[in-house]
Number of protein chains: 4
Amino acid sequence: MSPRRARATRGRAGDDPAVALRQQLVDTAERLLAERQVGAITTREIARAAGVSDGVLYNYFADKYDLLVAALLRRYAGELATFERDLPAPGTGEVRANLVSYAEAVHKLIADTLPVVTGLMSEPTLLHRFMVEIHREPMGHHRLIGPLADYLTGERRLGRLGDFPLDATVTMIIGSAMMLGFAEVVGGVARGELARGVPDIIDTLLAGIAPG
Amino acid sequence: MSPRRARATRGRAGDDPAVALRQQLVDTAERLLAERQVGAITTREIARAAGVSDGVLYNYFADKYDLLVAALLRRYAGELATFERDLPAPGTGEVRANLVSYAEAVHKLIADTLPVVTGLMSEPTLLHRFMVEIHREPMGHHRLIGPLADYLTGERRLGRLGDFPLDATVTMIIGSAMMLGFAEVVGGVARGELARGVPDIIDTLLAGIAPG
Amino acid sequence: MSPRRARATRGRAGDDPAVALRQQLVDTAERLLAERQVGAITTREIARAAGVSDGVLYNYFADKYDLLVAALLRRYAGELATFERDLPAPGTGEVRANLVSYAEAVHKLIADTLPVVTGLMSEPTLLHRFMVEIHREPMGHHRLIGPLADYLTGERRLGRLGDFPLDATVTMIIGSAMMLGFAEVVGGVARGELARGVPDIIDTLLAGIAPG
Amino acid sequence: MSPRRARATRGRAGDDPAVALRQQLVDTAERLLAERQVGAITTREIARAAGVSDGVLYNYFADKYDLLVAALLRRYAGELATFERDLPAPGTGEVRANLVSYAEAVHKLIADTLPVVTGLMSEPTLLHRFMVEIHREPMGHHRLIGPLADYLTGERRLGRLGDFPLDATVTMIIGSAMMLGFAEVVGGVARGELARGVPDIIDTLLAGIAPG
DNA sequence: TATGAATGAGTCTTCATTCAT
DNA sequence: GATGAATGAAGACTCATTCAT
């Protein structure tokens, strides 16, 4: 009944204000996502945190979930991009060090993503929409598993790795990283401390635990 | 509506009705936990399902979370007990088959527990209280990790396994099982199909992937 | 987060408080229905007017419409009962006076009901639910049309009325009453003034307007 | 977003653009009125449908209601114009056929208008403003009642109708048509089927129902 | 001690209206 | 004058918690 003037975008010269506000909402949602679980975020909080009114959200998104999915996708995309940077290629450097790099990168990605993923699992609607979107864009699990599988296959072809079942090995590496990620998130152990265990894992993976 | 004995416990002769009612609430909450996410359970539903009134809850528990934590603990304890049953002892049977058993048991435990754990992560308050409780009682992670570590150490001492870093190996086995659990819960893959991958994982763990 | 004690039913000794509150809500809704259109009634207003909290409504009714339908049915049932009281039987008194009584009763019923009926027509959901309910109970249109048709048929059989098409005559009598009802509701004309026109209508109906 | 001419009126050379835009808004609102209830029309929908911006409305109308009243008036005026076309004059054709034509025309007018009128009754503010306007302009009920009254008076003067009370007869004809209109709108009966009852009504009106 | 009706803050969402551009 | 993004009050509905009985 008593609309006031816009607050948030004033003074942001240079940007298209409409785009800016949409961005701002996604930014804010993404930031809140880093602070708490998806299920604990209210539309009002997003609006307050973004410094805009309660209703704006619906000028840019169909509903709460739409905004949240956008934020989740951006967050996930960002993490994936970071992950992919600096992944070693087959035949370069040393295999052991490369595998350690891979495992560390996976650990980091998972530790950074886990809270969001688990939060997502409590919100079936959100999970479903997110999955639909993530499979539409070329950013699904293959961006995590694909590079690792390619690397392993490459080194095997080059003879720098022996003969091994691909899926099992991928599962072991990612699983170990996931385990470290859980320890970090649930157990509250510091990442540095956990990362120190990675070389041992790779060594064990390389050498096996069978006797002599 | 004069005060009267709770309906649900009437006729349960011999039990202390107060204890019985408490139990019943936990039972019911635990059952509901198996059906849906923690966040989707209301106090009224618990009361209705338990056949008692909305208010009793507060005679035995400080609040909703208190009851839920009790139910979560009992559920977790039950899963752990199932897990511990039939774990092979060092020196018995074949090492490979034993490790497969261990991995399968861990996979089962994790797949059964994961939905609850993730549901928990959406409820920070609940998660915190749960962690406090789980570390107080002798039922923390060591009940999962302990037996596996003991088994591995035992076989190593017996010479049925080589020399290997314990923590790393434990992380790899549990991590792989966790990975399978996630695939089951998030990806909707059937357990049977996933379980088929376990022998490959154990073989890889035993033999390693290094060339030659 | 801060429930207080009940206010509205305190001191109403003798009634079953649960039934009392349900009744009270229907009472209140019915009263508001007399003051304004269905579409302009909010759940909060009902609660405020009933002196209870916002949420109670949902302890007794599935949703807003459920309560409103209950109120509409009660109101309509009451009006119908009043209408049926004192309707003359065929063969008693004078035909002309009897028809005037019928027309006046129909006029009253329609004038009292019209605002609600029209309000209903703007709320498709509500209209549908109301129609379902009204056809379930023996209170549909036949309670309005039936008695009049029976009366006309009776008098015709007794020879106190000539030969005439039943449906057309019913339509004319009820239609005329409806017209008066509209004039009252929409035009704001006083009922007494309108009622004065009824005898003329009946005389015209009896005598016809053909020449000679 | 510098001020510029409204999109929708560009290219309409020759018209005063301001008038054109006002017209267009009324046109659009009128069209929407034919599709749904008054209460279900939003200002944004009108703007979108008219191809103009949300705000223009307030350059030509005090508020939403003002526009809606204008649209309602135009719609009603249109229906009335249609109604008045082809009404038989006293002394032409046959009286019975003429009265049937009148009754059918009234029935059509009412059936076409009723949804809007009832929708109006759910919006007290709108209803009030509409009534004020309709009485100001020479388009009130007399445009409906007037021609019929004139026709009846004319035929009576010509001796083609007997002596009868004018108001009562008008009420009966319009009331019957209104009754048919209601049956069509509320009961969902097809217009054709209802129209078949009109001759019976006219015959009854002419002959009366008194015996002998 | 058990009951369960009542509470009311809080959730998401809609939409008439304003006003900087 | 035209634009349309921003506003925020209001709507229906949920549910953990209290307390008179």
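In what follows, chains carry the letters A, B, and so on, assigned in the order in which the sequence lines appear, proteins first and then strands, with residues in each chain numbered from 1.
The phosphate of F/dT17 (OP1 or OP2) has a side-chain N or O of B/Y58 nearer than 4.0 angstrom. Considering only side-chain N and O atoms, C/T43 lies under 4.0 angstrom from the phosphate OP1 or OP2 of F/dA12. Residue B/Y60 places none of its side-chain N or O atoms closer than 4.0 Å to OP1 or OP2 of E/dT1. Neither OP1 nor OP2 of E/dT1 sits under 4.0 Å from any side-chain N or O of B/N59.
The residue among C/G55 and A/I41 whose nearest nucleotide of DNA chain E lies closer to the 5′ end is C/G55. In this structure, B/R44 and D/A40 both approach DNA chain E, and ranking their closest nucleotides by distance from the 5' end singles out B/R44.
Note: CZ (B/R48) to C1' (F/dA16) measures 14 Å, nearest angstrom. At whole-Å resolution of the value, CG in D/L57 and P in E/dT17 are 8 Å apart. Rounded to whole Å, the distance from CG on C/D63 to P on F/dG11 is 17 Å. A straight line from CZ of C/F61 to C1' of F/dT14 spans 18 Å, rounded to a whole angstrom. Counting to the nearest Å, the C1' atom of E/dC15 and the CZ atom of D/R36 are 14 Å from each other. In this structure, D/K64 places its NZ atom 12 Å from C1' of E/dT17, rounding to the nearest Å. At whole-Å resolution of the value, CG in C/L21 and C1' in F/dA20 are 15 Å apart. Rounded to whole Å, atom P of E/dA9 lies 18 Å from atom CD of A/E45.
Among residues two or more places apart in sequence or in another chain, the salt bridge (charged side-chain N to carboxylate O under 4.0 Å, His left out) test is passed with C/R74 by C/D27, C/E30. A/L57 meets the side chain to side chain contact (heavy atoms under 4.5 Å, CB included) test with A/T43, A/F61, A/L67; sequence neighbours excluded. For A/Y58, there are no side chain to side chain donor-acceptor pair (under 3.5 Å) partners, not counting sequence neighbours. The side chain to side chain contact (heavy atoms under 4.5 Å, CB included) check on C/R44 picks up C/T42, C/R48, C/D54, with sequence neighbours excluded.
Taking a pair as Watson-Crick or G-U with both hydrogen-bonding distances under 3.5 Å, the stems of three or more pairs touching DNA chain F are E:2-21 with F:2-21.
Listed candidates were E/dA9, F/dA12, E/dT17. Nearest to the side chain of C/D54 is E/dA9. For D/S53, counting side-chain heavy atoms from C-beta on, the closest listed nucleotide (E/dT17, F/dT17, F/dT3) is F/dT3. Closest to the B/V56 side chain, of the nucleotides F/dC13, F/dA9, E/dA2, is E/dA2.
Evaluation of the salt bridge (Lys or Arg N to Asp or Glu O under 4.0 Å) test over residues 55-65 of chain A, restricted to residues two or more places apart or in two chains, returns A/D63-A/R129.
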D/V69/D/V132 under side chain to side chain contact (heavy atoms under 4.5 Å, CB included): CA gap, chis, key distance, verdict
CA-CA 10 Å; D/V69 165; D/V132 167; over 6 Å; no

For a side chain to side chain contact (heavy atoms under 4.5 Å, CB included) check, start with the C-alpha distance between A/L25 and A/V52, then their side-chain angles and the critical distance, and finish with the verdict.
CA-CA 9 Å; A/L25 285 167; A/V52 296; 4.2 Å; yes

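D/L126 has its side chain within reach of D/L72: a pair of non-hydrogen atoms, C-beta onward, lies under 4.5 Å apart.
Across all strands shown, D/I46 has no heavy atoms under 4.0 Å from either base or sugar-phosphate atoms.
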